Trainee: 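I have a structure here, written as structure tokens, and I will follow up with some questions on it.
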Amino acid sequence: MADRVHPSTKPTTNGTAATNPSFPATKAQLYGATRPTYRPQANRKRSRGCCCACVLWTTVVIFILVVLAAIAGAIIYVLYRPHRPSFDVSGLKISSLNLTSTSHLTTNINLNITARNPNRKLVYTYNPITISVTTEKDGIVVGSGLLPSFVHGTKNTTFLRAAITSSGVQLDDVSAGKLKADLKSKNGVALKLELETKVKVKMGGIKTPKARIRVTCQGIKAAVPSGNKTTTASVSNAKCKVDMRIKIWKWTF
């Protein structure tokens, strides 16, 4: 009986035995080694929509706050009708204004100032006020003084007095020459006052932060005294300018 030849359990392909696939199969075998890995993409349209909505709501909130601040400022203006205080030079007397041959300056001036608060509901509180007296033409410092702090009540007029002095101040040659020429003028020497301090305002229950205030007065004509005589300066043409900026909400006066 002839022997039967059984086919091999390992079939060949083109003469080469085929190998059994490995188990379990790898990802490369299942999906293909060259196929890129799937990565889900974010929804860009949705993120852009959220950003636009945030910007829109932020703009709306800012606009509402600005409108409310403007309304509050308008209400304060209508209720309080704020006005700046005013200052006037009511008197200036010179006891001495002497410049020696060695350019040493000695000054003694009595100054009277009238401060007025025209407001019915605003109270001003001033820090100590520094005063500087200079020549109007060349800005040479003649003397300085100080006013104490005070509270300026509603519809109030306050009279302030200050002593302006300088004792043996040495001037440079240029300043001394200009001051000598001014003192010899027949029309007298033109003087300028500068008052500077800080002030805060009380409006009912509202108190503002302290703000700088500067008062400049010009148009004062003073004659130089001779001997022990005291001269009175002409202040009829004196005008004072108040530079003050106080902010309440978005409103400045």
Side-chain angles (χ1 to χ4, degrees), residues 80-98 105-136 139-171 189-222 225 230-248 252-253:
Y80 293 99
R81 296 285 182 177
H83 296 281
R84 294 181 180 182
S86 63
F87 294 82
D88 295 297
V89 180
S90 52
L92 190 148
K93 293 183 178 181
I94 302 176
S95 299
S96 64
L97 184 56
N98 183 33
L105 177 64
T106 301
T107 306
N108 190 358
I109 299 174
N110 293 321
L111 175 65
N112 295 332
I113 295 177
T114 303
R116 296 182 176 86
N117 179 7
N119 299 280
R120 294 182 180 275
K121 297 181 180 180
L122 270 67
V123 176
Y124 294 101
T125 302
Y126 297 90
N127 282 4
I129 303 172
T130 59
I131 306 174
S132 176
V133 180
T134 62
T135 59
E136 187 174 319
I140 300 171
V141 178
V142 174
S144 59
L146 186 68
L147 286 169
S149 59
F150 70 99
V151 178
H152 211 180
T154 59
K155 300 296 289 184
N156 177 264
T157 300
T158 302
F159 299 97
L160 307 172
R161 293 182 180 180
I164 308 300
T165 60
S166 64
S167 180
V169 177
Q170 178 71 53
L171 300 181
V189 59
L191 300 178
K192 180 175 71 174
L193 305 181
E194 286 187 353
L195 289 73
E196 188 168 355
T197 187
K198 288 187 176 181
V199 61
K200 65 179 179 180
V201 181
K202 182 179 178 182
M203 307 171 62
I206 301 174
K207 292 182 180 180
T208 67
K210 290 183 179 180
R212 185 182 64 87
I213 178 173
R214 175 180 292 176
V215 181
T216 304
C217 303
Q218 294 179 317
I220 304 169
K221 290 288 186 178
T230 299
T231 59
T232 301
S234 174
V235 296
S236 58
N237 294 324
K239 294 182 180 180
C240 296
K241 179 183 177 181
V242 179
D243 182 11
M244 177 182 71
R245 290 183 178 273
I246 295 180
K247 292 185 178 181
I248 303 175
T252 304
F253 76 97

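Scope of the values below: all heavy atoms of this structure, side chains included, with no hydrogens, waters or symmetry mates. Being a predicted model, the structure only gives us computed values, none of them experimental.
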Trainee: Say whether, by atom type as modelled, one donor and one acceptor occur between the side chain of Asn112 and the main chain of Val89 under 3.5 angstrom.
Mentor: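 Judged by distance alone, no pair lies under 3.5 Å.
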Trainee: Just wondering, do Val189 and Leu191 contact through their side chains at under 4.5 Å, heavy atoms?
Mentor: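 Sidechains of Val189 and Leu191: in contact.
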Trainee: Can you spot which of Leu111, Thr114, Ile113 makes a side chain to side chain contact (heavy atoms under 4.5 Å, CB included) with Ser90?
Mentor: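 In the set Leu111, Thr114, Ile113, the residue that makes a side chain to side chain contact (heavy atoms under 4.5 Å, CB included) with Ser90 is Thr114.
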Trainee: Which atom pair, heavy atoms only, marks the closest approach of Asn117 to Gly153?
Mentor: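 Nearest heavy atoms, Asn117 then Gly153: ND2-O, 2.7 Å.
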Trainee: Any sub-3.5 Å donor-acceptor pair from Asn98's side-chain atoms to Thr106's backbone N or O?
Mentor: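 Checking the backbone N and O of Thr106 against the side chain of Asn98, no donor-acceptor pair under 3.5 Å is found.
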Trainee: As an exercise, state the distance from CG of Leu147 to OG1 of Thr158, rounded to the nearest 0.5 Å.
Mentor: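 Between Leu147 CG and Thr158 OG1, I get 11.0 Å after rounding to 0.5 Å.
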Trainee: Can you measure from CZ (Arg120) to NZ (Lys155) and round to the nearest 0.5 angstrom?
Mentor: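 Reported to 0.5 Å precision, the distance equals 5.0 Å.
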Trainee: With Arg214, which residues qualify under salt bridge (Lys or Arg N to Asp or Glu O under 4.0 Å), at least two apart?
Mentor: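 Arg214: salt bridge (Lys or Arg N to Asp or Glu O under 4.0 Å) contacts with Glu196.
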Trainee: I'd like to know if the side chain of Ser166 and the backbone of Thr107 have a donor-acceptor N/O pair within less than 3.5 Å.
Mentor: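 Side chain of Ser166 to backbone of Thr107, a donor-acceptor pair under 3.5 Å: yes, one is there.
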Trainee: Under the salt bridge (Lys or Arg N to Asp or Glu O under 4.0 Å) rule, collect the residues that match up with Glu194, sequence neighbours excluded.
Mentor: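 Only Lys192 meet the salt bridge (Lys or Arg N to Asp or Glu O under 4.0 Å) criterion with Glu194.
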Trainee: Do the rings of His152 and Tyr126 sit parallel, tilted or perpendicular, given the 30° and 60° boundaries?
Mentor: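 Plane angle between 30° and 60°, so tilted.
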Trainee: Rounded to the nearest 0.5 Å, what's the gap from CG on Leu195 to SG on Cys217? Could you check?
Mentor: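 Reported to 0.5 Å precision, the distance equals 6.0 Å.
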Trainee: Taking side chain to side chain donor-acceptor pair (under 3.5 Å) as the test, write out the residues that go with Gln170, two or more places apart.
Mentor: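 Listed in chain order: His104.
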Trainee: Between Arg245 and Ala211, what is the shortest heavy-atom contact and its length?
Mentor: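 Minimum heavy-atom separation between Arg245 and Ala211: O-CB, 3.5 Å.
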Trainee: Between Asp88 and Lys239 (salt bridge meaning N to carboxylate O under 4.0 Å), is one present in this structure?
Mentor: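 Result for this pair is no, no salt bridge flagged.
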Trainee: Can you name the one residue among Leu105, Thr135, Thr134 that meets side chain to side chain contact (heavy atoms under 4.5 Å, CB included) with Val141?
Mentor: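 Of the listed residues Leu105, Thr135, Thr134, the side chain to side chain contact (heavy atoms under 4.5 Å, CB included) partner of Val141 is Thr134.
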Trainee: Ignoring hydrogens and geometry, is there a side-chain-to-backbone donor-acceptor pair from Ser144 to Ser132 under 3.5 Å?
Mentor: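 Absent.
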Trainee: Out of curiosity, Leu146 CG to Ile129 CD1, how far, rounded to the nearest 0.5 Å?
Mentor: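 Nearest 0.5 Å value for the CG-CD1 distance: 8.5 Å.
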